[in-house]
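We count ligands from 1, going down the list as the structure has it; atoms in each ligand are counted the same way.
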Amino acid sequence: MEDDGSRSGAAGRAAAIVGAGPAGLYALAALVKSERFDRIDVFEAAPAPYGLVRYGVAPDHPKTRNISRVLARGFEHTRVRFLGNVSVGRDVTVDELRAGYDVVVVSTGMLGDRRLGIPGEELPGSYGASELVAWYTGHPQARPVELPAGLTSATVIGAGNVALDIARILAKDAATLRTTSMPRHVVDALAASTVTDVHLVARRGPAQAKFTSPELHELGALEGVDLVVDPADLVLGPADEEAVAQDRHAKVTVDVCREWSERPATGAARRIHLHYWRKPVRILGETAVTGIELASNRGDAPALTLPTQLVVRAIGYHGTPIPGLPFDDRSGTVPSRDGRVLTGGEVTAGVYVTGWLRRGPTGVIATNRGDANEVAESVLADLDALPGRAGEPDTVDKLLAERDVRVVTWADWLRLEAHEKAAGDAAGGDPIVVHDLVAALEVIDAAG
Ligand SMILES: Cc1cc2nc3c(=O)[nH]c(=O)nc-3n(C[C@H](O)[C@H](O)[C@H](O)COP(=O)(O)OP(=O)(O)OC[C@H]3O[C@@H](n4cnc5c(N)ncnc54)[C@H](O)[C@@H]3O)c2cc1C
(Lines give C-alpha, C1' and ligand atoms only; values in the text may rest on other atoms or scores of the structure.)
Protein backbone atom coordinates (compact mmCIF):
# COMPACT_ATOMS: atom_id res chain seq x y z
CA MET A 1 0.00 0.00 0.00
CA GLU A 2 1.42 3.38 -0.94
CA ASP A 3 0.84 6.05 1.73
CA ASP A 4 -0.27 9.42 0.31
CA GLY A 5 1.23 11.19 3.32
CA SER A 6 -1.97 13.12 3.93
CA ARG A 7 -3.46 11.09 6.77
CA SER A 8 -4.84 12.91 9.71
CA GLY A 9 -3.67 11.80 13.13
CA ALA A 10 0.04 12.20 12.47
CA ALA A 11 0.98 14.97 14.84
CA GLY A 12 4.17 16.14 13.19
CA ARG A 13 6.23 13.59 15.08
CA ALA A 14 9.45 12.20 13.66
CA ALA A 15 11.20 8.95 14.54
CA ALA A 16 14.67 7.67 13.71
CA ILE A 17 15.34 3.94 13.65
CA VAL A 18 19.00 2.95 13.80
CA GLY A 19 19.70 -0.41 12.15
CA ALA A 20 17.65 -1.95 9.36
CA GLY A 21 17.74 -5.54 10.58
CA PRO A 22 14.61 -7.50 11.49
CA ALA A 23 14.13 -5.72 14.84
CA GLY A 24 14.41 -2.25 13.34
CA LEU A 25 12.13 -3.11 10.43
CA TYR A 26 9.50 -4.80 12.62
CA ALA A 27 9.60 -1.66 14.80
CA LEU A 28 9.20 0.39 11.63
CA ALA A 29 6.11 -1.61 10.65
CA ALA A 30 4.55 -1.05 14.07
CA LEU A 31 5.29 2.68 14.09
CA VAL A 32 3.97 3.12 10.53
CA LYS A 33 0.81 1.26 11.47
CA SER A 34 0.22 3.57 14.45
CA GLU A 35 -0.09 6.54 12.07
CA ARG A 36 1.42 8.72 14.80
CA PHE A 37 4.48 9.78 12.80
CA ASP A 38 4.87 12.22 9.93
CA ARG A 39 8.30 10.93 9.20
CA ILE A 40 10.31 7.84 10.02
CA ASP A 41 13.94 7.65 8.90
CA VAL A 42 15.82 4.37 9.03
CA PHE A 43 19.61 4.74 9.38
CA GLU A 44 21.71 1.74 8.38
CA ALA A 45 25.48 1.33 8.37
CA ALA A 46 25.50 -1.12 5.45
CA PRO A 47 24.58 -0.03 1.93
CA ALA A 48 21.74 -2.59 2.04
CA PRO A 49 18.90 -3.30 4.46
CA TYR A 50 17.94 -6.48 6.37
CA GLY A 51 20.87 -6.92 8.79
CA LEU A 52 21.63 -10.57 9.51
CA VAL A 53 18.90 -11.74 7.15
CA ARG A 54 21.26 -10.64 4.38
CA TYR A 55 24.59 -10.85 6.17
CA GLY A 56 24.00 -13.78 8.54
CA VAL A 57 21.41 -16.31 7.33
CA ALA A 58 23.29 -18.90 5.32
CA PRO A 59 23.30 -18.34 1.55
CA ASP A 60 22.12 -21.93 1.02
CA HIS A 61 18.93 -21.10 2.99
CA PRO A 62 17.18 -18.86 0.44
CA LYS A 63 13.71 -19.43 1.86
CA THR A 64 14.76 -17.93 5.19
CA ARG A 65 16.49 -15.04 3.45
CA ASN A 66 13.23 -14.33 1.60
CA ILE A 67 11.73 -12.91 4.80
CA SER A 68 13.35 -9.72 3.49
CA ARG A 69 10.30 -9.29 1.24
CA VAL A 70 8.13 -8.88 4.33
CA LEU A 71 10.67 -6.62 6.01
CA ALA A 72 10.78 -4.35 2.93
CA ARG A 73 7.12 -3.41 3.21
CA GLY A 74 7.71 -0.53 5.64
CA PHE A 75 9.50 1.34 2.86
CA GLU A 76 6.39 1.42 0.68
CA HIS A 77 5.19 4.36 2.73
CA THR A 78 6.14 7.82 1.56
CA ARG A 79 6.71 8.96 5.13
CA VAL A 80 9.52 6.44 5.49
CA ARG A 81 13.08 6.92 4.23
CA PHE A 82 16.08 4.59 4.14
CA LEU A 83 19.46 6.20 4.82
CA GLY A 84 21.91 3.41 4.08
CA ASN A 85 25.68 3.60 4.37
CA VAL A 86 25.26 5.84 7.43
CA SER A 87 26.94 4.59 10.58
CA VAL A 88 25.45 6.14 13.70
CA GLY A 89 28.21 7.03 16.14
CA ARG A 90 30.61 7.68 13.26
CA ASP A 91 28.72 9.72 10.63
CA VAL A 92 26.13 11.20 12.95
CA THR A 93 25.86 10.96 16.72
CA VAL A 94 23.01 9.67 18.82
CA ASP A 95 22.70 13.16 20.36
CA GLU A 96 22.37 14.70 16.90
CA LEU A 97 19.58 12.22 16.14
CA ARG A 98 17.90 13.04 19.45
CA ALA A 99 17.94 16.71 18.49
CA GLY A 100 16.35 16.00 15.12
CA TYR A 101 13.77 13.36 16.08
CA ASP A 102 11.23 12.94 18.85
CA VAL A 103 11.97 9.25 19.10
CA VAL A 104 15.15 7.26 18.43
CA VAL A 105 14.86 3.46 18.30
CA VAL A 106 18.23 1.72 18.29
CA SER A 107 18.37 -1.78 16.81
CA THR A 108 21.99 -2.24 15.80
CA GLY A 109 22.18 -5.90 16.77
CA MET A 110 25.46 -7.52 17.68
CA LEU A 111 28.46 -7.35 15.44
CA GLY A 112 31.19 -9.03 17.46
CA ASP A 113 31.91 -12.50 18.81
CA ARG A 114 32.30 -13.74 22.31
CA ARG A 115 35.81 -14.91 22.90
CA LEU A 116 37.08 -18.19 24.28
CA GLY A 117 39.81 -16.49 26.32
CA ILE A 118 42.37 -19.20 25.62
CA PRO A 119 45.97 -18.98 24.37
CA GLY A 120 46.36 -18.98 20.60
CA GLU A 121 43.07 -17.24 19.86
CA GLU A 122 44.92 -14.41 18.08
CA LEU A 123 46.81 -16.70 15.69
CA PRO A 124 46.19 -16.42 11.93
CA GLY A 125 43.66 -19.11 11.09
CA SER A 126 41.56 -18.39 14.20
CA TYR A 127 38.33 -16.53 13.48
CA GLY A 128 35.13 -15.53 15.16
CA ALA A 129 31.93 -16.81 13.56
CA SER A 130 30.87 -13.25 12.77
CA GLU A 131 34.01 -12.80 10.67
CA LEU A 132 33.53 -16.01 8.71
CA VAL A 133 29.82 -15.38 8.24
CA ALA A 134 30.38 -11.75 7.15
CA TRP A 135 32.86 -13.04 4.58
CA TYR A 136 30.69 -15.77 3.09
CA THR A 137 27.57 -13.59 3.00
CA GLY A 138 29.45 -10.68 1.39
CA HIS A 139 29.30 -8.02 4.11
CA PRO A 140 31.16 -4.95 2.80
CA GLN A 141 33.04 -4.53 6.09
CA ALA A 142 34.06 -8.19 6.32
CA ARG A 143 37.66 -8.84 7.26
CA PRO A 144 39.04 -10.85 4.35
CA VAL A 145 39.21 -14.53 5.24
CA GLU A 146 41.99 -16.60 3.78
CA LEU A 147 41.40 -20.29 4.06
CA PRO A 148 44.84 -21.60 5.02
CA ALA A 149 46.86 -23.19 2.22
CA GLY A 150 46.84 -26.93 2.71
CA LEU A 151 43.70 -26.77 4.85
CA THR A 152 42.63 -30.32 5.64
CA SER A 153 41.04 -29.95 9.05
CA ALA A 154 38.76 -27.18 10.31
CA THR A 155 37.35 -26.89 13.83
CA VAL A 156 34.15 -25.08 14.73
CA ILE A 157 33.52 -24.45 18.43
CA GLY A 158 29.87 -24.17 19.42
CA ALA A 159 26.62 -26.07 19.72
CA GLY A 160 24.13 -23.79 18.01
CA ASN A 161 22.82 -23.24 14.52
CA VAL A 162 25.55 -20.75 13.62
CA ALA A 163 28.14 -23.47 14.30
CA LEU A 164 26.09 -25.88 12.16
CA ASP A 165 25.86 -23.34 9.33
CA ILE A 166 29.62 -22.85 9.32
CA ALA A 167 30.41 -26.57 9.50
CA ARG A 168 27.96 -27.24 6.66
CA ILE A 169 29.32 -24.46 4.44
CA LEU A 170 32.90 -25.67 4.97
CA ALA A 171 32.08 -29.33 4.32
CA LYS A 172 29.65 -28.89 1.48
CA ASP A 173 30.42 -29.48 -2.17
CA ALA A 174 31.07 -25.90 -3.30
CA ALA A 175 29.46 -26.61 -6.67
CA THR A 176 26.09 -26.50 -4.89
CA LEU A 177 26.89 -22.97 -3.66
CA ARG A 178 27.21 -21.59 -7.18
CA THR A 179 23.48 -20.97 -7.38
CA THR A 180 23.33 -19.16 -4.04
CA SER A 181 23.75 -15.48 -3.12
CA MET A 182 27.32 -16.12 -2.02
CA PRO A 183 29.88 -13.80 -3.66
CA ARG A 184 31.80 -15.66 -6.35
CA HIS A 185 35.27 -15.11 -4.84
CA VAL A 186 34.01 -16.91 -1.72
CA VAL A 187 32.58 -19.82 -3.69
CA ASP A 188 35.89 -20.03 -5.54
CA ALA A 189 37.84 -20.08 -2.26
CA LEU A 190 35.59 -22.82 -0.88
CA ALA A 191 35.85 -24.79 -4.13
CA ALA A 192 39.66 -24.61 -3.89
CA SER A 193 39.62 -25.73 -0.25
CA THR A 194 41.24 -29.09 0.40
CA VAL A 195 39.44 -29.62 3.70
CA THR A 196 38.57 -33.24 4.44
CA ASP A 197 37.57 -33.08 8.11
CA VAL A 198 35.39 -30.59 9.92
CA HIS A 199 35.22 -30.94 13.71
CA LEU A 200 32.28 -29.55 15.62
CA VAL A 201 33.12 -29.14 19.31
CA ALA A 202 30.45 -28.78 21.98
CA ARG A 203 31.06 -27.93 25.62
CA ARG A 204 28.23 -30.15 26.81
CA GLY A 205 26.26 -33.11 25.51
CA PRO A 206 23.72 -33.60 22.72
CA ALA A 207 20.82 -33.09 25.14
CA GLN A 208 22.04 -29.57 25.88
CA ALA A 209 22.97 -28.56 22.33
CA LYS A 210 21.01 -25.65 20.83
CA PHE A 211 20.80 -27.13 17.34
CA THR A 212 17.35 -27.09 15.78
CA SER A 213 16.06 -30.22 14.13
CA PRO A 214 15.77 -29.19 10.45
CA GLU A 215 19.36 -27.90 10.43
CA LEU A 216 20.57 -31.10 12.07
CA HIS A 217 18.76 -33.30 9.53
CA GLU A 218 20.22 -31.15 6.76
CA LEU A 219 23.73 -31.84 8.04
CA GLY A 220 23.05 -35.56 8.05
CA ALA A 221 21.83 -35.44 4.46
CA LEU A 222 24.89 -33.69 2.99
CA GLU A 223 26.13 -35.36 -0.17
CA GLY A 224 29.66 -36.70 0.00
CA VAL A 225 30.00 -36.21 3.76
CA ASP A 226 30.18 -38.87 6.50
CA LEU A 227 29.09 -37.96 10.04
CA VAL A 228 31.28 -39.27 12.85
CA VAL A 229 30.07 -39.39 16.47
CA ASP A 230 31.63 -41.28 19.35
CA PRO A 231 28.88 -43.44 20.96
CA ALA A 232 30.52 -42.82 24.37
CA ASP A 233 29.48 -39.15 24.07
CA LEU A 234 25.86 -40.23 23.75
CA VAL A 235 25.62 -42.09 27.04
CA LEU A 236 23.07 -40.07 28.98
CA GLY A 237 23.27 -39.15 32.66
CA PRO A 238 20.16 -38.38 34.75
CA ALA A 239 20.21 -34.65 33.85
CA ASP A 240 20.43 -35.55 30.15
CA GLU A 241 17.53 -37.99 30.48
CA GLU A 242 15.47 -35.24 32.06
CA ALA A 243 16.36 -32.76 29.30
CA VAL A 244 15.38 -35.32 26.65
CA ALA A 245 12.07 -35.98 28.40
CA GLN A 246 11.25 -32.28 28.55
CA ASP A 247 12.59 -30.86 25.31
CA ARG A 248 11.69 -32.11 21.86
CA HIS A 249 14.82 -30.61 20.27
CA ALA A 250 17.03 -32.34 22.83
CA LYS A 251 15.40 -35.67 22.02
CA VAL A 252 15.78 -35.15 18.29
CA THR A 253 19.46 -34.19 18.70
CA VAL A 254 20.18 -37.29 20.77
CA ASP A 255 18.26 -39.55 18.36
CA VAL A 256 19.88 -38.09 15.28
CA CYS A 257 23.35 -38.35 16.79
CA ARG A 258 22.67 -41.98 17.77
CA GLU A 259 21.64 -42.73 14.22
CA TRP A 260 24.81 -41.07 12.92
CA SER A 261 26.99 -42.96 15.38
CA GLU A 262 25.57 -46.23 14.02
CA ARG A 263 25.94 -45.35 10.34
CA PRO A 264 28.69 -47.27 8.62
CA ALA A 265 31.32 -44.98 7.07
CA THR A 266 30.82 -44.72 3.31
CA GLY A 267 34.39 -43.61 2.62
CA ALA A 268 33.12 -40.18 1.60
CA ALA A 269 35.76 -37.58 0.75
CA ARG A 270 34.74 -35.36 3.67
CA ARG A 271 33.74 -36.01 7.27
CA ILE A 272 32.06 -33.96 9.96
CA HIS A 273 33.03 -35.11 13.45
CA LEU A 274 30.90 -34.16 16.44
CA HIS A 275 32.80 -33.95 19.72
CA TYR A 276 30.59 -33.49 22.77
CA TRP A 277 31.73 -32.73 26.32
CA ARG A 278 34.87 -31.01 25.14
CA LYS A 279 36.37 -27.71 26.23
CA PRO A 280 39.02 -25.94 24.14
CA VAL A 281 41.98 -25.06 26.32
CA ARG A 282 44.63 -23.96 23.84
CA ILE A 283 44.96 -23.22 20.14
CA LEU A 284 48.30 -24.52 19.00
CA GLY A 285 50.76 -23.00 16.54
CA GLU A 286 53.70 -20.59 16.30
CA THR A 287 52.82 -18.38 13.37
CA ALA A 288 49.46 -19.88 12.42
CA VAL A 289 46.96 -22.37 13.79
CA THR A 290 48.22 -25.94 13.63
CA GLY A 291 46.02 -27.65 16.19
CA ILE A 292 43.69 -27.36 19.13
CA GLU A 293 43.77 -28.97 22.54
CA LEU A 294 40.44 -30.07 23.98
CA ALA A 295 39.99 -31.03 27.63
CA SER A 296 37.22 -33.38 28.67
CA ASN A 297 34.25 -31.79 30.38
CA ARG A 298 32.89 -35.09 31.64
CA GLY A 299 34.47 -37.90 33.56
CA ASP A 300 38.17 -38.46 33.26
CA ALA A 301 38.50 -38.88 29.50
CA PRO A 302 41.98 -37.83 28.38
CA ALA A 303 42.61 -34.50 26.62
CA LEU A 304 42.29 -34.64 22.86
CA THR A 305 44.56 -32.79 20.45
CA LEU A 306 43.20 -32.25 16.97
CA PRO A 307 45.50 -31.19 14.17
CA THR A 308 43.65 -28.29 12.55
CA GLN A 309 44.51 -25.24 10.48
CA LEU A 310 41.29 -23.29 10.93
CA VAL A 311 39.46 -22.61 14.19
CA VAL A 312 36.13 -20.79 14.20
CA ARG A 313 34.51 -19.92 17.52
CA ALA A 314 30.74 -19.85 17.24
CA ILE A 315 29.95 -19.42 20.92
CA GLY A 316 27.69 -16.41 20.64
CA TYR A 317 27.63 -12.93 19.23
CA HIS A 318 28.40 -9.92 21.40
CA GLY A 319 27.25 -6.31 21.03
CA THR A 320 29.47 -3.36 20.27
CA PRO A 321 28.84 -0.10 22.12
CA ILE A 322 27.34 2.78 20.16
CA PRO A 323 28.95 6.05 21.29
CA GLY A 324 26.43 8.10 23.23
CA LEU A 325 24.47 5.12 24.54
CA PRO A 326 24.90 3.24 27.81
CA PHE A 327 26.24 -0.28 27.40
CA ASP A 328 26.50 -3.36 29.57
CA ASP A 329 29.84 -4.93 28.65
CA ARG A 330 29.05 -8.23 30.27
CA SER A 331 25.86 -8.96 28.33
CA GLY A 332 26.80 -6.86 25.31
CA THR A 333 23.41 -5.14 25.43
CA VAL A 334 22.04 -1.67 26.08
CA PRO A 335 20.33 -1.57 29.50
CA SER A 336 16.59 -0.98 29.15
CA ARG A 337 13.18 -1.44 30.72
CA ASP A 338 10.33 -2.33 28.34
CA GLY A 339 12.62 -1.10 25.58
CA ARG A 340 13.23 2.30 27.22
CA VAL A 341 16.97 2.93 27.39
CA LEU A 342 18.25 3.30 30.95
CA THR A 343 21.23 5.52 31.69
CA GLY A 344 22.44 4.96 35.24
CA GLY A 345 19.11 3.28 35.97
CA GLU A 346 17.08 6.29 34.73
CA VAL A 347 14.97 6.33 31.57
CA THR A 348 16.56 8.33 28.75
CA ALA A 349 13.52 10.13 27.34
CA GLY A 350 12.77 9.31 23.71
CA VAL A 351 15.47 6.64 23.26
CA TYR A 352 14.54 2.98 22.86
CA VAL A 353 16.30 -0.27 22.06
CA THR A 354 15.03 -3.43 20.37
CA GLY A 355 16.27 -6.74 18.94
CA TRP A 356 19.51 -8.44 19.83
CA LEU A 357 20.92 -5.23 21.30
CA ARG A 358 18.03 -5.27 23.79
CA ARG A 359 17.79 -8.92 24.76
CA GLY A 360 21.00 -10.58 23.59
CA PRO A 361 21.72 -12.93 20.68
CA THR A 362 18.83 -15.34 21.08
CA GLY A 363 15.77 -16.44 19.18
CA VAL A 364 14.85 -16.65 15.54
CA ILE A 365 14.06 -13.82 13.16
CA ALA A 366 10.39 -13.83 14.17
CA THR A 367 11.31 -13.37 17.85
CA ASN A 368 12.29 -9.84 16.92
CA ARG A 369 8.74 -9.07 15.83
CA GLY A 370 7.31 -9.58 19.32
CA ASP A 371 10.28 -7.71 20.76
CA ALA A 372 9.82 -4.75 18.39
CA ASN A 373 6.06 -4.66 18.96
CA GLU A 374 6.61 -4.42 22.72
CA VAL A 375 9.06 -1.57 22.23
CA ALA A 376 6.70 0.20 19.82
CA GLU A 377 4.01 -0.03 22.50
CA SER A 378 6.35 1.74 24.92
CA VAL A 379 7.07 4.41 22.29
CA LEU A 380 3.38 5.01 21.65
CA ALA A 381 2.54 5.05 25.35
CA ASP A 382 5.22 7.71 25.95
CA LEU A 383 4.77 9.78 22.81
CA ASP A 384 2.42 12.48 24.07
CA ALA A 385 4.51 13.12 27.15
CA LEU A 386 7.90 13.23 25.39
CA PRO A 387 9.67 16.61 25.48
CA GLY A 388 9.82 16.69 21.68
CA ARG A 389 12.75 17.42 19.46
CA ALA A 390 14.81 20.60 19.51
CA GLY A 391 15.38 20.73 15.74
CA GLU A 392 14.18 19.03 12.58
CA PRO A 393 15.16 15.82 10.78
CA ASP A 394 16.48 18.02 7.96
CA THR A 395 19.28 19.20 10.24
CA VAL A 396 20.53 15.60 10.25
CA ASP A 397 20.39 15.53 6.44
CA LYS A 398 22.43 18.72 6.39
CA LEU A 399 25.01 17.28 8.78
CA LEU A 400 25.40 14.20 6.60
CA ALA A 401 25.81 16.37 3.49
CA GLU A 402 28.39 18.59 5.23
CA ARG A 403 30.29 15.47 6.26
CA ASP A 404 30.24 14.13 2.70
CA VAL A 405 28.45 10.97 3.72
CA ARG A 406 27.29 9.12 0.64
CA VAL A 407 23.74 8.18 1.68
CA VAL A 408 22.23 5.14 -0.06
CA THR A 409 18.51 5.81 -0.52
CA TRP A 410 15.78 3.20 -0.93
CA ALA A 411 15.74 3.88 -4.69
CA ASP A 412 19.52 3.31 -4.73
CA TRP A 413 19.09 0.03 -2.86
CA LEU A 414 16.45 -1.10 -5.36
CA ARG A 415 18.95 -0.46 -8.16
CA LEU A 416 21.58 -2.53 -6.38
CA GLU A 417 19.03 -5.25 -5.70
CA ALA A 418 18.02 -5.33 -9.39
CA HIS A 419 21.68 -5.68 -10.36
CA GLU A 420 22.18 -8.55 -7.92
CA LYS A 421 19.08 -10.26 -9.25
CA ALA A 422 20.23 -9.89 -12.86
CA ALA A 423 23.62 -11.39 -11.94
CA GLY A 424 21.87 -14.28 -10.20
CA ASP A 425 19.50 -14.85 -13.13
CA ALA A 426 22.48 -14.98 -15.49
CA ALA A 427 24.04 -17.68 -13.29
CA GLY A 428 20.73 -19.53 -12.99
CA GLY A 429 20.44 -18.94 -9.26
CA ASP A 430 19.66 -16.53 -6.45
CA PRO A 431 20.66 -12.86 -6.54
CA ILE A 432 24.43 -12.60 -6.00
CA VAL A 433 25.47 -10.22 -3.23
CA VAL A 434 27.80 -7.39 -4.26
CA HIS A 435 30.27 -7.56 -1.39
CA ASP A 436 32.37 -4.51 -2.09
CA LEU A 437 31.12 -1.06 -1.05
CA VAL A 438 32.85 0.81 -3.88
CA ALA A 439 31.46 -1.68 -6.41
CA ALA A 440 27.99 -1.36 -4.87
CA LEU A 441 28.09 2.44 -5.17
CA GLU A 442 29.32 2.15 -8.76
CA VAL A 443 26.43 -0.15 -9.60
CA ILE A 444 24.00 2.35 -8.06
CA ASP A 445 25.56 5.28 -9.93
CA ALA A 446 25.60 3.42 -13.23
CA ALA A 447 21.94 2.51 -12.87
CA GLY A 448 20.88 5.98 -11.67
C1 LIG B 1 25.07 -16.41 11.36
C2 LIG B 1 23.63 -16.27 11.74
C3 LIG B 1 22.67 -17.00 11.08
C4 LIG B 1 21.33 -16.89 11.45
N5 LIG B 1 20.42 -17.64 10.79
C6 LIG B 1 19.13 -17.56 11.14
C7 LIG B 1 18.16 -18.37 10.48
O8 LIG B 1 18.48 -19.15 9.58
N9 LIG B 1 16.86 -18.25 10.87
C10 LIG B 1 16.47 -17.38 11.88
O11 LIG B 1 15.28 -17.30 12.20
N12 LIG B 1 17.39 -16.60 12.52
C13 LIG B 1 18.68 -16.68 12.18
N14 LIG B 1 19.60 -15.90 12.83
C15 LIG B 1 19.14 -14.96 13.88
C16 LIG B 1 18.62 -13.62 13.27
O17 LIG B 1 19.45 -13.24 12.23
C18 LIG B 1 18.55 -12.55 14.37
O19 LIG B 1 17.54 -12.94 15.30
C20 LIG B 1 18.19 -11.16 13.86
O21 LIG B 1 18.88 -10.80 12.70
C22 LIG B 1 18.46 -10.10 14.94
O23 LIG B 1 17.90 -8.90 14.49
P24 LIG B 1 18.43 -7.45 14.90
O25 LIG B 1 17.65 -6.51 14.07
O26 LIG B 1 18.43 -7.30 16.36
O27 LIG B 1 19.98 -7.42 14.47
P28 LIG B 1 20.67 -7.45 13.04
O29 LIG B 1 20.00 -8.38 12.12
O30 LIG B 1 22.11 -7.66 13.31
O31 LIG B 1 20.49 -5.97 12.46
C32 LIG B 1 21.20 -4.88 12.99
C33 LIG B 1 21.41 -3.85 11.89
O34 LIG B 1 21.99 -2.67 12.45
C35 LIG B 1 23.02 -2.20 11.59
N36 LIG B 1 23.96 -1.40 12.37
C37 LIG B 1 24.88 -1.86 13.26
N38 LIG B 1 25.56 -0.82 13.78
C39 LIG B 1 25.06 0.30 13.23
C40 LIG B 1 25.35 1.68 13.37
N41 LIG B 1 26.31 2.11 14.20
N42 LIG B 1 24.65 2.57 12.63
C43 LIG B 1 23.67 2.15 11.79
N44 LIG B 1 23.36 0.84 11.61
C45 LIG B 1 24.04 -0.06 12.33
C46 LIG B 1 23.63 -3.45 11.04
O47 LIG B 1 24.35 -3.19 9.84
C48 LIG B 1 22.39 -4.32 10.81
O49 LIG B 1 21.84 -4.10 9.54
C50 LIG B 1 20.95 -16.00 12.49
C51 LIG B 1 21.92 -15.25 13.15
C52 LIG B 1 23.25 -15.38 12.78
C53 LIG B 1 24.29 -14.58 13.51
Please confirm whether [X] comes under 4.0 Å of ligand 1, counting heavy atoms of the residue only.
{"X": "P22", "answer": "yes"}
{"X": "V86", "answer": "yes"}
{"X": "T64", "answer": "yes"}

Protein heavy atom at shortest distance from [atom]:
{"atom": "atom 51 (C) of ligand 1", "result": "W356 CH2, 3.7 Å"}
{"atom": "atom 27 (O) of ligand 1", "result": "G109 CA, 3.5 Å"}
{"atom": "atom 3 (C) of ligand 1", "result": "G56 O, 3.4 Å"}
{"atom": "atom 44 (N) of ligand 1", "result": "A45 N, 3.0 Å"}
{"atom": "atom 5 (N) of ligand 1", "result": "V57 CG2, 3.7 Å"}
{"atom": "atom 16 (C) of ligand 1", "result": "I365 CG1, 3.9 Å"}
{"atom": "atom 49 (O) of ligand 1", "result": "E44 OE1, 2.6 Å"}
{"atom": "atom 29 (O) of ligand 1", "result": "L52 N, 2.9 Å"}

When every non-hydrogen atom of S336 is compared with those of R358, the smallest separation belongs to OG-CG, 3.7 Å
Test side-chain hydrogen bond (donor to acceptor under 3.5 Å, both in side chains), reference K251, set T253, D247, D255, output is D255
Which atoms of ligand 1 sit under 4.0 Å from any heavy atom of [X]?
{"X": "G355", "answer": "26 (O)"}
{"X": "V133", "answer": "1 (C)"}
{"X": "G51", "answer": "29 (O), 31 (O), 48 (C), 49 (O)"}
{"X": "G21", "answer": "25 (O), 29 (O), 31 (O), 33 (C)"}
{"X": "S87", "answer": "41 (N), 42 (N)"}

Under 4.0 Å and counting heavy atoms only, is there anything from the protein next to atom 20 (C) of ligand 1? yes
Is at least one protein non-hydrogen atom found at under 4.0 angstrom from atom 14 (N) of ligand 1? no
Quiz item: Less than 3.5 Å between some nitrogen or oxygen of A23 and one of ligand 1, yes or no?
Solution: yes
inquiry  = Just checking W356 against Y317, ring centres under 6.0 Å apart?
reply    = yes
- Query: Can you tell if the side chain of D397 reaches within under 4.5 Å of the side chain of L83, non-hydrogen atoms only?
  - Reply: yes
Self-check item: Side-chain heavy atoms of F43 within contact of D91, under 4.5 Å
Solution: no
Would you say the side-chain atoms of [X] pair up with the backbone N or O of [Y], donor to acceptor, closer than 3.5 Å?
{"X": "D425", "Y": "A422", "result": "no"}
{"X": "E121", "Y": "L116", "result": "yes"}
{"X": "R278", "Y": "L294", "result": "yes"}
{"X": "R271", "Y": "H199", "result": "no"}
{"X": "R115", "Y": "D113", "result": "no"}
{"X": "D338", "Y": "R340", "result": "no"}

From the list V104, L325, V351, side-chain contact (heavy atoms from CB on, under 4.5 Å) with V18 holds only for V104
With heavy atoms under 4.0 Å as the rule, classify the contact between [X] and ligand 1 as side chain, backbone, both or neither.
{"X": "Y317", "result": "side chain"}
{"X": "N368", "result": "side chain"}
{"X": "V162", "result": "side chain"}
{"X": "I322", "result": "side chain"}
{"X": "V88", "result": "both"}

**Prompt:** Is there a donor-acceptor contact under 3.5 Å linking the side chains of D197 and S153?
**Reply:** no
ask   = Under the side chain to side chain donor-acceptor pair (under 3.5 Å) criterion, do R168 and N161 qualify, and how do the steps go?
value = CA-CA 10 Å; R168 186 182 69 251; N161 281 348; over 6 Å; no
